[in-house]
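Have a look at the structure below before the remarks.
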Amino acid sequence: MDRIKLGERYFSPYLSAAEIDSTIDAIAARINADYADSKSLLFLSVMNGAFMFTADLVRKITVPSTVSFIKVSSYEGLSSRGEISMKLPLSCDIEGCDVIILDEIVETGLTVDYLFDYLEPRNPASIAVSTLLYKKGMHKGRHEIKYPGIVMQENLFVVGYGLDYDEKGRTLKDIYILSED
Ligand code: 5GP
Ligand code: MG
């Protein structure tokens, strides 16, 4: 993996596709064990960023499950605006379902809190969260991140594998970090 340029900024290799794959193997193994008896497992993928993580994770799930999508937005450029808005609401009934929210990265946890507040009144049986990357040091949310892939340093900005820098870099198969030079 080489350094890449997106817009005017440079990004250095951080996680290879192979490392991402083995991280997702470990998450899937935990979910397959914990939800082995679930009758109504629903993965709720947070667009746009979680689309690759979702596609790769659900194919490793052996428990019967369904997948649905929701779109919220909080980020512009390199930092969160701290204000979340619903861009595409839920399109299915989640009553009685075991919902697992899939996000590609959790930072403050405000998006996750917003989603819990949105989902809880719809009476799911349970709600848990899985994220590929977790900036645990910046988390100030009210809800536990039960299935994190990699706990990462919080002062890094990453792109690739669904994560964008102003819509650039989202389709890369590996993950890169912003480098200052
Ligand atoms: P939170 O609400 O947990 O603070 O932020 C969650 C959202 O912020 C993620 O779904 C993602 O869209 C965005 N985000 C947080 N950190 C990064 C990062 O390092 N790179 C990119 N591209 N997005 C990030
Ligand atoms: Mg996201």
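Computed from heavy atoms alone, side chains included, the values below leave out hydrogens, waters and symmetry copies. Just so we're clear, the structure is a prediction, and the values are computed from it rather than from any experiment. Start at 1 and go down the list; that is how both ligands and their atoms are numbered.
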Looking only at heavy atoms of [X], does any of them come nearer than 4.0 Å to an atom of ligand 1?
{"X": "Val159", "answer": "no"}
{"X": "Tyr165", "answer": "no"}
{"X": "His139", "answer": "no"}
{"X": "Asp113", "answer": "no"}
{"X": "Gly109", "answer": "yes"}

For ligand 1, does Asp103 get within less than 4.0 Å through its side chain, its backbone, both, or neither, judged by non-hydrogen atoms? side chain

Of the side chain and backbone of Lys135, name the one, both, or neither that has a heavy atom under 4.0 Å from an atom of ligand 1.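 The answer is the side chain of Lys135.
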
Could you tell me whether some N/O pair between Val158 and ligand 1 is separated by less than 3.5 angstrom? yes

Close-contact set for ligand 1 against [X] heavy atoms, below 4.0 Å:
{"X": "Asp164", "result": "21 (C), 22 (N)"}
{"X": "Leu156", "result": "19 (O)"}
{"X": "Leu163", "result": "21 (C), 22 (N), 23 (N)"}
{"X": "Val106", "result": "3 (O)"}
{"X": "Thr111", "result": "1 (P), 2 (O), 5 (O), 6 (C)"}

Heavy-atom side-chain proximity of [X] to [Y] below 4.5 angstrom:
{"X": "Val72", "Y": "Val46", "value": "yes"}
{"X": "Tyr134", "Y": "His139", "value": "yes"}
{"X": "Leu163", "Y": "Leu133", "value": "yes"}
{"X": "Ile20", "Y": "Phe53", "value": "no"}
{"X": "Leu42", "Y": "Asp98", "value": "no"}

Rounded to 10 degrees, the angle OE1 of Glu104 makes with OD1 of Asp103 at the Mg ion (ligand 2): 60°

Salt bridge (charged side-chain N to carboxylate O under 4.0 Å, His left out) assessment of Lys173 paired with Asp21: CA-CA 10 Å; Lys173 66 181 169 53; Asp21 190 59; over 6 Å; no

Nearest 0.5 Å, please: how far is CD1 in Ile70 from SG in Cys92? 8.5 Å

Distance, nearest 0.5 Å, that separates CG of Leu102 from CE of Met47: 13.0 Å

Transitively linked via ILVMFWY side-chain contacts under 4.5 Å: Met152 with Val159? no

